[in-house]
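For the single chain, residues carry numbers from 1 onward in sequence order.
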Amino acid sequence: MAGSSEGVGDKELPPILEQRCILQSEALSQYIMETSVYPREPEALRELRQMTATDLRNVMATGPDEMQFLSMLLKLMNAKKTLEIGVFTGYSLLATALSLPHDGEIIAIDTNRKNFELGLPFFEKAGVAHKVDFREGLALPILNELTKEEKYKGWFDFVFVDADKSNYMNYHERVVEMVRVGGIIGYDNTLWNGSVVAEAMAERPFPWYIMESRDAILEFNAYLAADSRVEICHLSIADGLTLCRRLR
């Protein structure tokens, strides 16, 4: 487990990775990290987070507070079989692997194996690499193949989606049949840097890459709210997290 002295070093990391919470006060976000998240973060997970923070694309990593929450949720669910769409260096994937039992199974999908391999030594250090079945390629074709197999109908306890936002609805239509009744699907970035209320925040400019996907997130959020197959909980943790519990 990480010690209290490690929180000091975390202050030196690039701020883009650490300030992912939509809380108005960055100081309050940092307080949560330093008192509740970093001191309890497993060593391999902390090291992977710090390595990822040195990457120019570190904004793609899931927030540490969000993963602490999801790790507890997985344990409360007694989850054993999970699916992850969008891996990057594997911070969220490692947090999931650490939360599953020794015989847990994770299918992880990403278009870039090299990014995953950057994080792989940390999986090996933590003794959880055997839980991960990494599939390289575009998610939709891989999901289409999985849905053809009877085995994967209602097979997963938990699905985590953190990939291209324009395909969230397409992913949902496939994974909602692959997660068991009572299982959970988590969608990351569903507040999309606060841009979902961009009209009410005209004084705050958003980068082009945020505005480019904003309409897709708005459409997806409305789509989930009307989907009778699931009940939803939209959380304001990190960049927004929507949990969907399959009802039927």
Side-chain angles (χ1 to χ4, degrees), residues 14-24 26 29 52-53 55-67 69-70 83-93 95-96 108-112 114-116 135-144 158-176 178-179 184-227 230 232-244:
I16 195 169
L17 179 66
E18 303 306 331
Q19 297 170 4
R20 297 292 302 278
C21 186
I22 66 166
L23 291 173
Q24 293 300 303
E26 292 179 2
S29 175
T52 303
D55 193 296
L56 294 176
R57 302 159 296 170
N58 61 47
V59 69
M60 295 169 61
T62 307
D65 52 342
E66 179 180 345
M67 285 320 305
F69 168 74
L70 289 176
L83 170 66
E84 184 154 336
I85 303 171
V87 173
F88 189 37
T89 60
Y91 180 78
S92 59
L93 183 62
T96 296
I109 303 172
D110 199 282
T111 57
N112 193 321
K114 289 182 179 179
N115 286 336
F116 167 66
R135 312 280 181 98
E136 184 179 22
L138 295 172
L140 284 178
I142 294 174
L143 291 174
N144 287 339
F158 178 79
V159 177
F160 185 61
V161 183
D162 184 12
D164 54 316
K165 314 311 168 189
S166 62
N167 267 316
Y168 267 23
M169 282 198 289
N170 290 325
Y171 296 148
H172 184 73
E173 284 304 312
R174 288 154 178 79
V175 302
V176 75
M178 298 168 69
V179 71
I184 300 290
I185 309 167
Y187 292 98
D188 200 16
N189 304 113
T190 50
L191 293 177
W192 204 224
N193 207 240
S195 67
V196 291
V197 290
E199 289 83 357
M201 302 173 65
E203 73 286 354
R204 176 184 172 186
F206 290 93
W208 67 267
Y209 62 87
I210 292 293
M211 296 307 294
E212 185 177 60
S213 298
R214 173 180 176 267
D215 288 346
I217 291 293
L218 286 171
E219 185 180 5
F220 179 67
N221 288 341
Y223 166 82
L224 283 186
D227 188 350
V230 297
I232 67 172
C233 179
H234 200 167
L235 301 168
S236 59
I237 193 171
D239 192 32
L241 170 68
T242 302
L243 298 179
C244 304

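- For the pair Leu143 and Val175, the minimum side-chain heavy-atom distance is below 4.5 Å.
- Residues Asp110 and Val87 come closest through the heavy atom pair OD2-N, 2.7 Å.
- In the model, Asn58 has no side-chain atom that pairs as donor or acceptor with a side-chain atom of Asp55 under 3.5 Å.
- Glu84 pairs by the side-chain hydrogen bond (donor to acceptor under 3.5 Å, both in side chains) definition with Ser92, not counting sequence neighbours.
- At a threshold of 4.5 Å between non-hydrogen side-chain atoms, the residues Cys244 and Thr242 count as touching.
- The shortest non-hydrogen separation linking Gly194 to Asp239 is N-OD1, 4.4 Å.
- Shortest non-hydrogen contact noted between Ile109 and Gly137 is CG2-O, 3.9 Å.
- Residues meeting the side chain to side chain contact (heavy atoms under 4.5 Å, CB included) test with Ala95, sequence neighbours left out: Leu45, Met67, Ser71.
- Applying the side chain to side chain contact (heavy atoms under 4.5 Å, CB included) test to Leu235 and every residue at least two apart in sequence or in another chain returns Phe69, Cys233, Ile237, Leu241, Leu243.
- In this structure, CG on Leu83 lies 10.0 Å from CZ on Phe158, to the nearest 0.5 angstrom.
- Qualifying side chain to side chain contact (heavy atoms under 4.5 Å, CB included) partners for Asp162, counting only residues two or more places apart in sequence or in other chains: Thr62, Phe160, Lys165, Tyr168, Asp188, Asn189.
- Listed by chain and number, the residues in a ring pair (Phe, Tyr, Trp, His ring centres under 6.0 Å) with Phe116 are Phe123, Phe134 (sequence neighbours excluded).
- In this structure Asn144 satisfies the side chain to side chain contact (heavy atoms under 4.5 Å, CB included) test together with Arg174, sequence neighbours excluded.
- The nearest pair of heavy atoms linking Val161 to Tyr171 is CG1-CD1, 3.8 Å.
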For a side chain to side chain contact (heavy atoms under 4.5 Å, CB included) check, start with the C-alpha distance between His234 and Leu191, then their side-chain angles and the critical distance, and finish with the verdict. CA-CA 9 Å; His234 200 167; Leu191 293 177; 3.6 Å; yes

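- Note that OH of Tyr91 and CD of Glu66 are 10.0 Å apart. Values are rounded to the nearest 0.5 Å.
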Q) Hey, mind stepping through Asn221 and Val196 against side chain to side chain contact (heavy atoms under 4.5 Å, CB included) and telling me if it holds? A) CA-CA 10 Å; Asn221 288 341; Val196 291; 4.2 Å; yes

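- Asn115 meets the side-chain hydrogen bond (donor to acceptor under 3.5 Å, both in side chains) test with Arg57; sequence neighbours excluded.
- Note on residues 210-221: pairs passing salt bridge (Lys or Arg N to Asp or Glu O under 4.0 Å), not counting sequence neighbours, are Glu199-Arg214.
- For the side-chain hydrogen bond (donor to acceptor under 3.5 Å, both in side chains) test, residues two or more places apart in sequence or in another chain that qualify with Thr89 are Thr52.
- Under the 3.5 Å distance criterion, the side-chain polar atoms of Asp164 are left unmatched by any main-chain donor or acceptor of Ser166.
- Note: Ile210 CD1 to Trp192 CH2 = 4.5 Å, rounded to the nearest 0.5 Å.
- Of all non-hydrogen atoms in Thr190 and Ile217, the two that sit nearest each other are O-CG2, 3.6 Å.
- Residues Phe220 and Tyr187 bring their aromatic ring centres within 6.0 Å.
- Here the shortest heavy-atom pairing between Ala225 and Ile232 reads CA-CD1, 3.8 Å.
- Taking the side chain as every heavy atom from C-beta outward, His172 and Ile185 approach each other to under 4.5 Å.
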